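Below: the structure, in structure tokens.
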Amino acid sequence: MTLRTASGTSASGASPTARRAVAVNRDRAVRIRRRLRAADLMVMLCWVSVALSVSLWLVYGGTAQVTDLASALTAGGIVSGLVGTDLILVMLVLAARLPVIDRVVGQDAAMALHRRLGKPALYLILVHGVLLTVGYALTDGSSIVAETISLFSGPDMALAYLGLALLIAVVVTSLVAVRRRFSYEAWHLVHLLSYAAVLVALPHQLSVGGVLADGTVQRVYWIGLYVLAFGSIALFRFILPTLASLRHGIRVAGIEPVAPGVVSLHLKGRQLDRLRVAGGQYAVWRFWTGSTWWHAHPISFSAVPTATSARITVRELGAGSAALGRVRVGTRVWFEGPYGVFTDAHRVAPKMAVVAAGIGITPIRSLLEHAALQPGEATVLLRATDPSQAYLWNEVAALPSMNGNAVYTMLGARPHGLATWMSGEAIARGVTIASAFPELLSSDLYVCGPQAWADLVVRDARAHGLPDAQIHIERFDW
């Protein structure tokens, strides 16, 4: 590992005043408390929605109808269906990219919760179907097969079964082992079926069994929840991004090769500074060419936008990203965003430690450009297997914010069979995360790179005693 200290004021130069340090720490403490309160409120609202879905059913005489085994099974099926549907609508809200959710917890955390809710929601819907079928069969004195055929013959129930089939397809394709066999574009297309899965089940929910009878608060609640979920999707995923794209008029201004398989796309537009992009954030980009218009790409800003220009840097990781390097100058670009909390504004500690590998340098580069750093405040470690992967390293060292701050580089392959994020040469010399970052415990750690590699960095940081509140990670998985 070699040390490259950025040019400019030395680390032994002037330090921030005690008054400024106190003010900065106070502001950070206030921001942390606000975000924690907002995050707790969001979690509480999710649980409240689930509780309301069951409570309203109870208020309108749900348990009064339980008189025997058949009615008990039917009631259990209704409750599981209500809770499962509520969780699915919560999942849609989490996927709608609401600005308030992104500012508080970030889209990574929101989508992680979205994925965790998928299996429980599916299981509840399956239990809903099984219990209702068995309960109805006992009530009618028929077999389960005959009852299933009878239910399927109704138009609303046929739609409900279709919705269940679509939901199963979405959850199965979201499993890690299955998802890796799909391209991002194919997976995303299948995942859009979740909207259809929920919508086609709506008539069944509002009509069959009279659970949500006309004129009840229960019916109003569910319609309102559907409007919130699909209204959020329509507004924040389609309407507002379309208006913003038209207003800013972004086009490709140039394509700059960075390394084999890596290009920077220079973009031009109007009033791009009004997007208020923070260093470290990303947007979802759609390039209007014949081969790229039908899918969007989440890509980080590799430089903080000016009033008329922006830049993203892309590595060829598949057919979709490879096509971006061949778009023509002048191509119209639409976007959603900016998104992400991988920013200086979410720091909680006085120091900053940064580790980047490969194309993970892109959000790191804009993060460091935007950060208000004092000399000696940041330590940056840039990691690559060989010099061909040293994307934008020279730019990082030349940033004004790096004046008086240390930039380290670590080249070399990881030892075969050893779960480590460091090179074999660094390990042989006894380098550890603690020796690379002597002030780690008083630092915010920013990590960006391949997921498995980044997880190892985080593992070592946690083992050294760094709390999760001081760990920030940007993931490129989907």
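This one's a predicted model, so the numbers in the text were calculated from it and none came from an experiment.
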**Report entry** Minimum heavy-atom distance between Ala303 and Ser366, given as atom pair plus value
**Finding:** N-CB, 4.0 Å
Report task. Check step by step if side-chain contact (heavy atoms from CB on, under 4.5 Å) holds for Trp334 and Leu246. Result -> CA-CA 8 Å; Trp334 283 21; Leu246 293 173; 3.9 Å; yes
Query raised in the report: Just one of Leu82, Val83, Val90 clears the side-chain contact (heavy atoms from CB on, under 4.5 Å) bar with Asp86, so which one?
Result: Val90
Query raised in the report: Does one side chain, of His472 or Asp444, offer a donor that lies under 3.5 Å from an acceptor on the other?
Result: yes
**Report entry** Min side-chain heavy-atom separation Tyr221-Ser49 under 4.5 Å
**Finding:** yes
Query raised in the report: Is the centre of the Phe301 ring less than 6.0 Å from the centre of the Trp285 ring?
Result: yes
Requested in this report: Please assess Asp102 against Arg97 for the test salt bridge (Lys or Arg N to Asp or Glu O under 4.0 Å), listing each intermediate value before the final yes or no.
Outcome: CA-CA 7 Å; Asp102 183 61; Arg97 297 177 182 155; over 6 Å; no
Query - Shortest non-hydrogen separation from Ile359 to Val314 and the atoms involved - result: CD1-C, 4.3 Å
Query - Student check: side-chain heavy atoms of Leu132 and Thr74 closer than 4.5 Å - result: yes
Query raised in the report: Ignoring hydrogens and geometry, is there a side-chain-to-backbone donor-acceptor pair from Trp421 to Trp453 under 3.5 Å?
Result: no
Report task. Describe, in one word, how the ring planes of Tyr339 and Tyr282 are oriented to each other, choosing from parallel (under 30°), tilted (30 to 60°) and perpendicular (over 60°). Result -> tilted
Query raised in the report: Do the non-hydrogen side-chain atoms of Val277 and His370 ever get within less than 4.5 Å of each other?
Result: no
Query raised in the report: Any side-chain heavy-atom pair from Ser53 and Trp222 closer than 4.5 angstrom?
Result: yes
Report task. Taking the side chain as every heavy atom from C-beta outward, state whether Ser423 and Arg383 have any pair of such atoms under 4.5 Å apart. Result -> yes
Requested in this report: State the CG-CG distance between Asp68 and Leu138, to the nearest 0.5 angstrom.
Outcome: 8.5 Å
Requested in this report: Check Tyr446 against Thr343 and note the closest heavy-atom contact, atom names and distance.
Outcome: OH-O, 2.7 Å
Query - Contact check, side chains of Leu267 and Val252, non-hydrogen atoms, under 4.5 Å - result: yes
Query raised in the report: How long is the gap from CD1 on Ile250 to CZ on Arg286, to the nearest 0.5 Å?
Result: 14.0 Å
Query raised in the report: For Arg459, does the CZ atom have more than 12 heavy-atom neighbours from other residues, nucleotides or ligands under 6.0 Å away?
Result: yes
Query raised in the report: For Val327 and Val333, what are the C-alpha separation, side-chain angles and deciding distance, and is it a side-chain contact (heavy atoms from CB on, under 4.5 Å)?
Result: CA-CA 11 Å; Val327 299; Val333 183; over 6 Å; no
Requested in this report: Please list, chain by chain and in numerical order, all residues satisfying side chain to side chain donor-acceptor pair (under 3.5 Å) with Thr289, sequence neighbours excluded.
Outcome: Thr292
Query raised in the report: Rounded to the nearest 0.5 Å, how far does CZ of Arg219 lie from CG of Leu56?
Result: 14.0 Å
Query raised in the report: Any idea which heavy atoms bring Leu440 and Gln470 closest together, and the distance?
Result: O-NE2, 4.3 Å
Requested in this report: Mind checking the CD1-CE spacing from Ile433 to Met422? Nearest 0.5 Å is all I need.
Outcome: 8.0 Å
Requested in this report: Look only at the side chain of His266 and the backbone of Arg311, and say whether a donor-acceptor pair between them is shorter than 3.5 Å.
Outcome: no
Requested in this report: Begin with the C-alpha distance, continue with both residues' side-chain angles, and end with the deciding distance and a verdict on side-chain contact (heavy atoms from CB on, under 4.5 Å) for Val263 and Leu324.
Outcome: CA-CA 9 Å; Val263 297; Leu324 299 184; 5.9 Å; no
**Report entry** Closest contact, heavy atoms only, Gly465 versus Leu441
**Finding:** C-CD2, 3.7 Å
Query - Minimum side-chain heavy-atom gap Ile312-Thr362 below 4.5 Å - result: no
Requested in this report: Give a yes or no on this: more than 12 heavy atoms of other residues, nucleotides or ligands lie within 6.0 Å of atom CH2 of Trp293.
Outcome: no
Query raised in the report: Any luck finding a side-chain donor-acceptor pair between Glu147 and Thr133 under 3.5 Å?
Result: no
Query - Contact summary for Val284 and Ala296, nearest pair of heavy atoms - result: CG1-CB, 3.5 Å
Query - Contact check, side chains of Val59 and Gln218, non-hydrogen atoms, under 4.5 Å - result: no
Report task. Using modelled atom types only, decide if a donor and an acceptor are shared between the side chain of His128 and the backbone of Gly77 within a distance under 3.5 Å. Result -> yes
Query raised in the report: How far does CD1 of Ile364 sit from SG of Cys448, to the nearest 0.5 angstrom?
Result: 5.5 Å
Query raised in the report: Between Leu265 and Ile299, is a side-chain contact (heavy atoms from CB on, under 4.5 Å) present by the stated rule, with each step listed?
Result: CA-CA 11 Å; Leu265 282 79; Ile299 304 172; over 6 Å; no
Query raised in the report: Say you draw a straight line from CG of Leu240 to CZ of Arg247; how long is it, rounded to the nearest 0.5 Å?
Result: 8.5 Å
Query raised in the report: What orientation do Phe335 and His248 show, parallel under 30°, tilted 30 to 60°, or perpendicular over 60°?
Result: tilted
Report summary line: The side chain to side chain donor-acceptor pair (under 3.5 Å) partners of Thr313 (sequence neighbours excluded) come to Ser264, Ser302
